[in-house]
Amino acid sequence: MPSGEYDPETVEAKWQERWVDEDLYAYPERAVDPDTVFSIDSPPPTVSGSLHWGHVYGFTLQDFVARFNRMRGDEVYFPFGYDDNGIASELLTEDELGIKHQDYERREFQKLCREVTAEYEGEFTEKMQNLGISIDWDQTYQTISPEVQRVSQLSFVDLYDKGRQYRQRAPAIWCPECETAISQVETEDDEQGSHFHDIEFGVADSEEQRSSGSRTESDDSEESFVISTTRPELLPACVAVFVHPDDDDNEHLVGQEAEVPLFGQRVPILEDERVDLETGTGLVMCCTFGDQTDIEWYQAHDLPLRVAIDESGTMTEEADEYAGLSADEAREAIVSDLDDAGALLDKRAITHTVNVHERCGTSVEFLVKDQWYIKLLDKREEYLEAGEQMDWYPEKMFTRYKNWIEGLQWDWAISRQRSSGIPFPVWYCEDCEHVVIADREDLPVDPLSDDPPVDACPECGHDEFAAEDDVFDTWATSSLTPLINGGWDWNPETEEMELERPELYPFDMRPQGHDIISFWLFHTVVKCYEHTGEVPFDSVMINGMVLDENREKMSKSVGNVVSPDEVLEKFPVDAARYWAAGSAVGDDLPYQEKGLVAGEKLMRKLWNASKLVESLTEDAPAEFDHDDLKAIDRWLLASLDRELEFVTEKLENREFSKARDRLRSFFWHTFCDDYLEIAKQRVREGDDPSAAYTLQTAHKRFLTCFAPILAHVTEELWRDMYDETSVHDQPWPEPLGLDADVAAGETAMAVVGALRKYKSDNQLSMNAPVDLVQVYGDIHGFEEDVSGVMHIEELELLGEEPEIESVVTGVDLDYSLVGPEYGAQVPDIEAALESDDYEVEDGVMHVAGVELAPEMFTIEESREYVGEGDMLEAGDAIVIVQHAD
RNA sequence: GGGCUCGUGGUCUAGUUGGUUAUGACGCGGCCUUUACAAGGCUGAGGUCGGUGGUUCGAAUCCGCCCGAGCCCA
């Protein structure tokens, strides 16, 4: 029996442990009906990081859905993945073990990674369990595991067979410090000090002018222009000069050729909108490659390639006499030589934004490498339709997916030149470069250690092969989680890819933060769609970001990070869950201690009310004929039916905060404040099975409905009061389907409310007796309840309205009817009403030359009681109180 | 710089197919021991709905511009 105060610290830990020990959330082995399976595909978090609010928030929202669907009878598949395949885990492993990945064979290094991350995974598991998330802990996977590597490589082979992947020489982002290619998302902007060098370029005649014979001696060496650059060492890589189309001053240069100082190559002067007119002189050189724009120009204008800096940051043969110097040394030497040649007009310090590798802060370079790509551009329409097929919660977030697809300019590069990661299962013939792909049966393979599946090249018969040493982009693996969860594998007998658990796929729900819709979600949709021909998710639930209490992003450098660990030492998990349910899905949510405090208060109210219900329902009948229910009991249960209908619909639509608030409000105000006060007297003053039954029935329903949100306190109360099986295993309540005089019940409650106010206003205690109360209004069947709870000696129902003097105070128009009908005449009508210039005849109002139908207006009256006692207005009813103070 | 989202009493929020008196909670003031709960109950104050211009008889709601925040892209 619940007694004393609720002790969340002990209770929450107890249930978290038992839920796991009892396998309460286990996905049933033989659940094979796709219609009753509810499968969730959570994006696996990076395990080497610590738990942050984003995890708590995201997983809590998923848990609401999981618990709700479980109670509705679905077999819920709620797995957990550990993303330990990223660079973060590799660095962690090197750090922890004091090793370098270069010293190990790739497979061996990954084994070490698995060992190191296992420890962190344990910690992560514990924290997730401490949040009471109803994950099935028998359904877990690690992205670095050989099984997942196999799926990743199978995906590669499948897409290659389908012609969706190709290999091409293209620019890659390169970190010269780490000597690795990195993806766009691994770079970040950094403000750095640098120098602008104003360098004079000569103008040479273009081919056209030369051939047309317009060239004169003086045109040649006389004309020049100035380019400001921070990268003079890239002069040897210069392949073009660009002018903005709106740049009138330099427009005349377009079409001519420029001569690069010191190096002498002649390059075209072209026009392009991507020139930034605000920076430097408005003229810019394009070098292959100095930055991202250079790559775009290279591709858009079909420019030649001149690579002047190699992978280690050393100047190449293109740099002539500077070859072999480091980029920094070359810059100094070139600047000095430019100065000597008179081509350096100015040098000044600036700060500008550069792309740096987020791990080491080194400015990135752009190199040309052979890269593998997945085709995207040719199927943009299809992928857009795939997105449209999913239900988006909230709907508005589909726009992000749509904009992303519409803005795609390149296919997706999936190869990374990192020395750790999941390898491409590919070899190349040393002679003819024929691509040899591993056999599916052999996967996972590492070409650096394993032999190709053929002895000789099927193309040319050559028997020497070069291993592909690239690894997959991390998204290439992360985008396969529905297939990993579904047990996707090669069946050698049917020679087809098959799902071991096809009932899970497509997954019912994909949760996703709105920040990575364009990466994680998009790539997952694309790849799974290509592999299976089906959109992998029926629905997507987007969660917002957790911000600090000033609505600003939590960031270590700003120092406004609040750790969930600290907070959960102070507050119950259920309080955090209550807070998490407090925002519209998809919206950002500020961390607010007040939100958790409100949750604690609700838990306390639930606890205390349960204690009272328990004490009142010891003799409650398990069954009770609904026809024998007293009016107020019938009214309460019928009202609860309506609330449940609302709450159920909101939970179905992931409108957690609406469900939460409505449930809370009905429980607190209607059940506790109104009903419970009345029912407790009835039960205490005499045997009242109708009240006891109603109390218990309603209370059970509250516990089950609160269970998805307040998972722990409801479990404690349920198991303590009712049943040794979990509240989370109870069926979601169906409406009882009772008829009740809802209006009379509400009027009765309004009368009670008015009397409470009367007592409060007159500084009377709530249990102070009142001599006589007369009610004009329908509270039929509730008379005893009203007089009981308000301690009324005599309650009299009036058959006709008491003596009331009415004074007309104004006229209320129903604008939704008057507006469309009379439009511009509305101000005239209002003016006439203002000056009392109107007449009402047979219910029709004549005003300002028009006639208003009865439903268009209401005469407002203030009513004054002229008889004995005090008059109270209680909704539709009028209450007269006779009380001798 | 571009796109998307958000902006409602001190704080968090409901309401946005246009209808005039904007919801609830937290906090704040006042009153009340009602044998579940004073961390409770009743009640009150507090908002020209980010700013500005427009459309309309009527705008928190629709449109333009501006400001602030978040995310993604450059």
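Bear in mind the structure is a predicted one, so any value in this text is a computation, not a measurement. The chains referred to below are lettered A, B, ... by the order of the sequence lines, with proteins before strands, and numbering in each begins at 1.
- Residue contacts shown for A/K396 are limited to sugar-phosphate atoms, with no base heavy atom under 4.0 Å away.
- Across all strands, A/G823 comes closer than 4.0 Å to base atoms (heavy-atom distances).
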| field | Contact letters for nucleotides 33-40 of chain B, in which S counts primed atoms plus P, OP1 and OP2 and B counts the base, heavy atoms under 4.0 Å | value | -B-BB-BS
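- Atoms CE (A/M397) and C1' (B/rG3) sit 13 Å apart, rounded to a whole Å.
- A salt bridge links A/D587 with A/K396: the distance from a Lys NZ or Arg NE/NH1/NH2 to an Asp or Glu carboxylate oxygen falls below 4.0 Å.
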Could you go through nucleotides 11-15 of chain B and list every protein N or O atom that sits under 3.5 Å from one of its N or O atoms, giving the distance for each pair?
from	atom 1	to	atom 2	distance (Å)
B/rU11	O2'	A/Q592	OE1	3.4
B/rU13	OP1	A/R551	NH2	2.9
B/rU13	OP2	A/R551	NH2	2.1
B/rG15	OP1	A/K658	NZ	2.5

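- Judged by the 6.0 Å distance and 45° axis criteria, A/R400 is not positioned over the aromatic ring of A/W392.
- Distance, A/N543 CG to B/rC71 P: 13 Å, rounded to whole Å.
- Nucleic acid contact for A/G595: none, since no nucleic acid atom lies under 4.0 Å from a heavy atom of the residue.
- Between A/E655 and A/Y393, the closest side-chain pair of non-hydrogen atoms is not below 4.5 Å.
- Put simply, CZ on A/R682 and CD1 on A/I678 are 8.5 Å apart, with the number rounded to the nearest 0.5 Å.
- Rounded to whole Å, the distance from CZ on A/F656 to C1' on B/rA25 is 20 Å.
- Taking a pair to require two hydrogen-bonding distances under 3.5 Å in either a Watson-Crick or a G-U wobble arrangement, B/rG40 pairs with B/rC32.
- Screening A/Q696, A/K700, A/H699 against A/Y722 for a side-chain hydrogen bond (donor to acceptor under 3.5 Å, both in side chains) leaves a single residue, A/H699.
- For the P atoms, the distance from B/rA69 to B/rC26 is 31 Å, rounded to whole Å.
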